[in-house]
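Okay, so here's the structure we're looking at.
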Amino acid sequence: MNKQDKEKSVSASKAGQAYHNNLVGPVMRAGDLAQAVIEAARVDNPGKEIFVEDKRAYIRIHAEQEMVLRQETIEEELGRPFRMNDLQVDLSSFAGQIESQDTAVRFYFNRTL
């Protein structure tokens, strides 16, 4: 197998792994908002382990099966007013399904693997 084929194989296997776990949540551009979302995730999802992968340019914030982020909590962590629509500006991607409301956002899976 040549180098290019190996790279394709590795990329395909990593992409495939995303379908073999139950982690859901946002992938945020690194910055103040991402840090506030990490803290809000911990506050708004008591009893859940929050996984944070800092990749320098972006940060993956995940939990098992479901994660809720509330506007009020993000505002408290930022120390300023915040609109949930503004989350989309720094939201690079997300894992799972998303349900967006005026005052909260929910990441979830309907099925458990």
Side-chain angles (χ1 to χ4, degrees):
M1 186 182 297
N2 67 33
K3 183 179 177 183
Q4 189 176 24
D5 289 337
K6 283 183 183 178
E7 288 174 358
K8 285 181 184 176
S9 175
V10 169
S11 294
S13 67
K14 285 184 180 180
Q17 289 173 3
Y19 297 106
H20 298 292
N21 65 52
N22 296 311
L23 297 178
V24 299
V27 178
M28 305 283 302
R29 188 169 46 186
D32 292 342
L33 180 56
Q35 294 305 315
V37 168
I38 291 167
E39 294 307 315
R42 292 179 175 138
V43 171
D44 290 339
N45 299 277
K48 285 198 169 223
E49 186 173 1
I50 303 299
F51 302 95
V52 177
E53 291 180 57
D54 189 342
K55 303 290 188 177
R56 290 189 173 212
Y58 65 92
I59 300 174
R60 293 181 180 276
I61 308 161
H62 293 142
E64 284 282 334
Q65 198 65 35
E66 180 181 42
M67 178 188 292
V68 175
L69 300 170
R70 292 182 174 80
Q71 177 181 358
E72 181 179 358
T73 311
I74 295 172
E75 286 179 335
E76 287 174 13
E77 296 300 331
L78 282 173
R80 63 175 171 81
F82 176 78
R83 294 180 333 168
M84 290 308 288
N85 289 346
D86 293 340
L87 185 68
Q88 295 174 9
V89 174
D90 285 2
L91 186 68
S92 303
S93 184
F94 61 90
Q97 297 169 290
I98 189 169
E99 178 184 320
S100 187
Q101 302 169 359
D102 290 341
T103 60
V105 65
R106 175 180 170 239
F107 300 92
Y108 66 98
F109 272 133
N110 279 334
R111 272 191 323 185
T112 302
L113 300 176

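Computed from heavy atoms alone, side chains included, the values below leave out hydrogens, waters and symmetry copies. Predicted model only: the values in this text are computed from it and were never measured.
- Under a 4.0 Å N-O distance rule, the pair K48/E64 does not qualify as a salt bridge.
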>> If you apply the rule side chain to side chain contact (heavy atoms under 4.5 Å, CB included), what do you find for V24 with F94, and how did you get there?
In response: CA-CA 7 Å; V24 299; F94 61 90; over 6 Å; no
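- With a 4.5 Å cut-off on side-chain heavy atoms, D44 and I74 do not count as touching.
- Proximity of R83 to D86: side-chain heavy atoms (C-beta onward) are separated by under 4.5 Å at one or more points.
- In this structure the side chain of R106 reaches within 4.5 angstrom of the side chain of E66, judged on heavy atoms.
- One distance of note links OG of S92 with CZ of R60; it measures 9.5 Å at 0.5 Å rounding.
- A 4.5 Å side-chain heavy-atom check between Y108 and V68 finds every atom pair outside the cut-off.
- A donor-acceptor contact shorter than 3.5 Å links the side chain of N45 to the backbone of A41.
- Counting heavy atoms from C-beta outward, L78 and L33 have side chains that approach closer than 4.5 Å.
- Neither side chain, E99 nor Q97, offers a donor N or O lying under 3.5 Å from an acceptor on the other.
- Residue pairs that meet the salt bridge (charged side-chain N to carboxylate O under 4.0 Å, His left out) test with at least one member in residues 26-37, sequence neighbours left out, are R29-D90.
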>> With salt bridge (Lys or Arg N to Asp or Glu O under 4.0 Å) as the criterion, how do E75 and R80 come out once you've worked through the C-alpha distance, each side chain's angles and the decisive distance to 0.1 Å?
In response: CA-CA 5 Å; E75 286 179 335; R80 63 175 171 81; over 6 Å; no
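- Hydrophobic clustering of Ile, Leu, Val, Met, Phe, Trp and Tyr side chains at less than 4.5 Å, counting indirect connections, keeps Y58 apart from I61.
- Between M67 and I50 the shortest side-chain heavy-atom distance falls below 4.5 Å.
- Both M84 and I98 sit in one connected hydrophobic cluster of ILVMFWY residues. Membership requires side-chain heavy atoms under 4.5 Å apart, directly or through other members.
- Between V105 and R70, every side-chain heavy-atom pair lies at or beyond the 4.5 Å cut-off.
- For the pair F109 and L23, the minimum side-chain heavy-atom distance is 4.5 Å or more.
- Q71 contributes a side-chain N or O that, together with a main-chain N or O of F82, makes up a donor-acceptor pair within less than 3.5 Å.
- Proximity of a side-chain donor or acceptor of E77 to a complementary backbone N or O of A40 within less than 3.5 Å is not detected.
- Heavy atoms from other residues, nucleotides or ligands lying under 6.0 Å from CD of E72 number 12 at most.
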> Going through the distances and angles, do V52 and I59 end up as a side chain to side chain contact (heavy atoms under 4.5 Å, CB included)?
Replying inline: CA-CA 7 Å; V52 177; I59 300 174; 3.7 Å; yes
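- From I38, atom CD1 reaches atom CE of M28 across 9.0 Å, with rounding to the nearest 0.5 Å.
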